[in-house]
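Written out below as structure tokens is the structure these notes cover.
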Amino acid sequence: MFSENNRISERQASRLLTYDLLGLSTLLVPTLLSNVAGRDGIFCIAIGVAASILYLWILCVLVEDCTTTFSAYLEQKLGKFVGRAVQGGFFLYLLLLAGYTAYLFCDVVLQSLLREESFYLVLILVLLLALYGLWGGLEGRARVYEILYWFLMIPLFIMLFFALDEIRTDYWSPVFVSDAGDIFAGSYYVFLSFAIIFLVLFLGNYMKKKERLFVAGRRALLFTGGVHAALYLILLGIFGADALGSMQYPAVTLMSTVRIS
């Protein structure tokens with residue numbers, strides 16, 4: 001039996017953050033990078049991950065003296081009015097992100113699985129599942145992610161492995177042909193996709209050792225960056241930069257086209 005102590009481990013925090021980072025970015029980043037930086041998009045991923053780790057370190061330094069919830073810490077440091085205004089900004093950002101995520105998920109489901117189904121029916125089911133997850137609490141979700149982590153990751157790795165024989169390596173070259181502005185824009189897109197790592201600020205109250213927050217977040221960023229690099233190289237090697245830039249959800253397309261023996 002699990003104990004209900006309102007605590008999560010470093011590993012559970014890392015896996016929660018990993019899925020938060022992978023969720024939208026694997027759908028959107030490959031197309032954006034291909035449009036902006038083309039074959040040099042792989043370098044944008046590396047720069048974006050490095051910038052995200054620096055951003056995470058800065059956040060952890062800023063709240064290293066936090067001994068309570070992040071909401072109470074904001075009011076303590078900034079005053080009640082400003083602290084609540086900052087909390088309102090976080091709430092609005094996360095609300096908009098949740099709405100866009102729900103729309104995107106429903107769109108993927110309707111395009112790939114249930115082509116004739118009602119958008120609103122799928123949306124209602126998605127929202128009901130989200131509410132059920134909220135009702136279970138963070139500790140319950142952390143346990144589910146910990147159990148299902150490799151059950152979801154292993155099929156992804158298998159798909160990427162079987163896609164290797166379809167790669168045309170000549171699609172990877174030439175490199176270093178994009179200008180500095182394009183590299184910066186692509187790196188910024190990657191950083192924006194990973195900026196949700198700020199959620200570590202809200203996990204401090206659930207971890208016994210708050211100093212391990214940076215380690216958990218860094219591990220999630222490095223793992224996600226590795227998955228993105230592998231996925232981008234495979235997509236680029238199979239479809240080419242021009243075709244990849246015109247695809248809406250290339251990772252989903254790859255899932256439907258790769259041949260698994």
Side-chain angles (χ1 to χ4, degrees), residues 17-52 100-101 103-113 115 149-179 181-197 220-261:
L17 292 169
T18 296
Y19 275 107
D20 287 334
L21 293 168
L22 282 174
L24 287 180
S25 60
T26 49
L27 292 175
L28 303 178
V29 167
T31 298
L32 288 172
L33 281 185
S34 184
N35 278 322
V36 173
R39 300 172 186 86
D40 293 325
I42 187 66
F43 306 115
C44 297
I45 294 175
I47 296 172
V49 171
S52 300
Y100 181 64
T101 302
Y103 162 77
L104 197 65
F105 186 77
C106 293
D107 190 48
V108 171
V109 169
L110 291 174
Q111 287 194 29
S112 305
L113 298 174
R115 297 181 183 274
Y149 185 77
W150 289 113
F151 284 98
L152 298 175
M153 285 297 176
I154 289 176
L156 172 63
F157 293 153
I158 290 175
M159 180 197 71
L160 296 179
F161 174 78
F162 279 102
L164 294 178
D165 63 345
E166 301 180 30
I167 291 176
R168 293 183 55 180
T169 54
D170 56 300
Y171 284 169
W172 291 345
S173 60
V175 292
F176 302 114
V177 295
S178 301
D179 58 36
D182 292 335
I183 296 296
F184 175 81
S187 303
Y188 184 62
Y189 285 142
V190 176
F191 173 75
L192 283 182
S193 300
F194 291 170
I196 198 172
I197 195 66
L221 283 170
L222 290 173
F223 181 83
T224 304
V227 172
H228 268 284
L231 179 63
Y232 189 73
L233 286 175
I234 290 173
L235 290 171
L236 190 64
I238 292 177
F239 301 114
D242 293 335
L244 181 58
S246 64
M247 300 171 71
Q248 188 174 13
Y249 306 123
V252 177
T253 303
L254 178 65
M255 292 179 187
S256 62
T257 57
V258 65
R259 296 189 299 272
I260 298 180
S261 302

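Keep in mind that the numbers below use all heavy atoms, side chains included, and drop hydrogens, waters and symmetry copies.
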- Would you confirm whether D182, through its side chain, and S178, through its main-chain N or O, come within 3.5 Å as a donor-acceptor pair? no
- Between CG on residue N35 and CE on residue M247, distance to nearest 0.5 Å: 12.0 Å
- Message: Is the distance between the ring centroids of Y171 and F239 under 6.0 Å?
- Response: no
- Item | Enclosure of Y19 OH (heavy-atom neighbours >12, cutoff 6.0 Å) | yes
- Task: Nearest 0.5 Å please: distance from the CH2 atom of W172 over to the CZ atom of R39.
- Result: 12.5 Å
- Query: Are any non-hydrogen side-chain atoms of L160 and L254 less than 4.5 angstrom apart?
  - Reply: yes
- Query: Any donor-acceptor pair under 3.5 Å linking the side chain of S246 with the backbone of A243?
  - Reply: yes
- Message: For F191, I'd like to know if atom CZ has over 12 heavy atoms of other residues, nucleotides or ligands within 6.0 Å.
- Response: yes
- Query: Are any side-chain N or O atoms of S34 and backbone N or O atoms of P30, one a donor and one an acceptor, separated by less than 3.5 Å?
  - Reply: no
- For I183, does its backbone N or O pair with a side-chain atom of D40 as donor and acceptor, under 3.5 Å? no
- With the side chain counted from C-beta on, respond yes when L28 and S193 share a heavy-atom pair under 4.5 Å apart, and no when they do not. no
- Message: For a side chain to side chain contact (heavy atoms under 4.5 Å, CB included) check, start with the C-alpha distance between Q248 and T253, then their side-chain angles and the critical distance, and finish with the verdict.
- Response: CA-CA 9 Å; Q248 188 174 13; T253 303; over 6 Å; no
- Which atom names give the shortest non-hydrogen contact between V49 and G225, and what distance separates them? CG2-CA, 3.7 Å
- From L236 atom CG to S173 atom OG, the distance as rounded to the nearest 0.5 Å: 9.5 Å
- Message: Do I234 and E166 make a side-chain contact, defined as non-hydrogen atoms from C-beta onward lying under 4.5 Å apart?
- Response: no
- Shortest non-hydrogen separation from F223 to T18 and the atoms involved: CD2-CG2, 3.6 Å
- Message: How about CZ on F157, more than 12 heavy atoms from neighbouring residues, nucleotides or ligands closer than 6.0 Å, or not?
- Response: yes
- Drop me the distance from I45's CD1 to L233's CG, to the nearest 0.5 angstrom. 7.0 Å
- Query: With a cut-off of 6.0 Å (strictly less than), are more than 12 heavy atoms of other residues, nucleotides or ligands near CZ of F184?
  - Reply: no
- Which atom names give the shortest non-hydrogen contact between T26 and G23, and what distance separates them? OG1-O, 3.6 Å
- Count the heavy atoms of every other residue, nucleotide or ligand shown that sit under 6.0 Å from CZ of F105, and state whether that count exceeds 12. no
- Query: What is the distance from atom CG of L231 to atom CG of L235, rounded to the nearest 0.5 Å?
  - Reply: 4.5 Å
- Message: Between S25 and H228, is the side-chain hydrogen bond (donor to acceptor under 3.5 Å, both in side chains) condition met? List the steps.
- Response: CA-CA 8 Å; S25 60; H228 268 284; 2.8 Å; yes
- Partner of Y232 by side-chain contact (heavy atoms from CB on, under 4.5 Å), out of V227, L33, V190: L33
- Task: Output the distance between atom CD1 (I196) and atom CG (L21), rounded to the nearest 0.5 Å.
- Result: 7.5 Å
